[in-house]
2 protein chains.
Amino acid sequence: MPDDAWSPPSVLLTVDLVILTLRDGRLHILLVERGEAPFQGMSALPGGFLNHGGEEILDAAHRELSEETALASSWVHLEELGVYGESGRDPRGRVVSVAHLAIAPGLPDPVAGTDAFDAAWIPANAVLSGEVELAFDHRRIARDGIEHARTKLEFSSLATAFCGTEFTIAELQHVYEAVWGTSLDTRNFYRKVQAAKGFIIPAGTDRRRTGGRPARLYRAGPKTILFPPLIRPTMSATEENTRGEEE
Amino acid sequence: MPDDAWSPPSVLLTVDLVILTLRDGRLHILLVERGEAPFQGMSALPGGFLNHGGEEILDAAHRELSEETALASSWVHLEELGVYGESGRDPRGRVVSVAHLAIAPGLPDPVAGTDAFDAAWIPANAVLSGEVELAFDHRRIARDGIEHARTKLEFSSLATAFCGTEFTIAELQHVYEAVWGTSLDTRNFYRKVQAAKGFIIPAGTDRRRTGGRPARLYRAGPKTILFPPLIRPTMSATEENTRGEEE
DNA sequence: GGAATAGTGTCTTTAAGACACTATCAA
DNA sequence: TTGATAGTGTCTTAAAGACACTATTCC
């Protein structure tokens, strides 16, 4: 299709990161304050341009992740979320962003990235509700990322990525409740996580706290796909999912 | 992060299309023969660079689709599949492709796009098996697209996009069988498509063929999400989905 | 014993899977 | 009546949802 002396338009590529974690039982997302125009002073997702020298997109995401969270990359689940490339989304020109989703276990209070940015964990709800405004189309990216995480929790063992190496079933339940924003029946939850063979495996040891029966500890099992899946209670049947208009 | 006199690297953006249809009961994918280097003469997915002037990515995908299939765009389901941007994937330089999945009802034999390309429907199996070689990383894109379609058939009403406006339940079953590559029990299939309320609605009329009882005709219903879903028989439980190595 | 947390068992309903025959039409 | 295609009904098993009590520890 290219003609003789025709050259295709080029675009700038960024990666943006939806980094989720649990803090005091609630789902939080990592936001940075933009230090420069455009949207200077506004909250935004961590991210940035690809490096020169043919950096891979996924490598760039890992680089941004460790720059923002100072977190050992191997600890963190990272996956592609989608492309955001509408022509009006960045006032600097045609900037196409590849969004990624990262799931981290709870981190120490100060985020303390190696970058100078002011970074903070913000409750996911504050972003979803629009209470916190984000630069660019980052609110939509954040929404998509959170929705993606919710769905992945149903069919994959992703939930364990929110926990440390060892965790109790109650902790795992709190992960599901926090991410889904629902509350679950303890008995059914125990039944289901244990029915999904390969999801969690007993660590042998117990964890004792002040008062109360000690909890058995588990580790993530070898399976990444849950069967049977843990379907979230909402939206199962009654919800709306009607097509727009017929032709 | 950009320094004072720093400018980010730019990339070329393409769209690639995995266009699937059913021909004589088998899943086919549209391939074109490349008219120029690189990979001249080799089969490839339809696609091309974005137009100048800030063309939207999805618009570019629609444009390529109609250039290749001469198909009314409103008939066709089109959605983003993912980004393919490994630095070595295109010898011309850093070319990042946004892959899309398109599902079309059976088309008349000659593809007859408006472009000069030699385009043809190839059985999906020939691509999956490697019997037909594709340029670039297009085999992986095709594999991902087919797998995506298979999964979407389980949870969405996508299957109707392979049919005309009116179709019989037997035809719908053939869609599932062709895309999944399995054979299904007729009775269970009838039960399930009818249990998923809003999936298909009776068109009132019958279709008569030569010999045999006339079949009731249906149209796509208003629901896009299937509940209960139609889970494919394979992979339900017994399959492997083990994590690579711990840590 | 009391407070705190961890863990379990049963019943009902829904949906999946397996399985073979009846219905309607044209020739 | 035969050939061809369309459509259906039952039983068993798997899993979801609802629901309340027992177990273990620390004080």
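Everything numeric in this text was worked out from a predicted model, so none of it was measured. We name chains A, B, ... by the order of the sequence lines, and we start the count at 1 in each one.
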Review point. How long is the line joining CZ of B/Arg207 and C1' of C/dT24, in whole Å?
Key: 17 Å

Check your understanding: What one-letter contact string describes nucleotides 1-10 of chain C from 5' to 3', where B marks a base within less than 4.0 Å of any protein heavy atom, S marks contact via sugar-phosphate atoms alone, and - marks no contact?
Key -> ---BBBSBB-

Exercise for review: Determine whether the side chains of B/Arg232 and B/Thr151 contain a donor N or O and an acceptor N or O closer than 3.5 Å.
Suggested key: yes

Exercise for review: Indicate whether any N or O donor in one side chain lies under 3.5 Å from an N or O acceptor in the other, for B/His77 and B/Glu79.
Suggested key: yes

Point to revise | Distance, rounded to the nearest Å, where A/Lys192 contributes NZ and C/dT14 contributes C1' | key: 13 Å

Review point. When the ring centroid of B/Phe199 is compared with that of B/Phe227, is the distance short of 6.0 Å?
Key: no

Study note, to complete from the structure: B/Phe189 atom CZ is separated from C/dA15 atom P, nearest whole Å, by 17 Å

Point to revise | Crowding at CD, A/Gln194 (>12 non-hydrogen neighbours, <6.0 Å) | key: yes

Practice item. Check whether the side chains of B/His100 and B/Asp16 place a donor and an acceptor atom closer than 3.5 Å, and report yes or no. Key: no

Practice item. Could you check which of C/dA26, D/dA15, C/dA16 has an atom nearest any side-chain atom of B/Arg208? Key: C/dA26

Exercise for review: Specify the separation, in whole Å, of atom CD1 of B/Ile231 and atom C1' of D/dA15.
Suggested key: 13 Å

Review point. Who passes ring pair (Phe, Tyr, Trp, His ring centres under 6.0 Å) against B/Tyr176, sequence neighbours left out?
Key: B/Trp180, B/Phe189

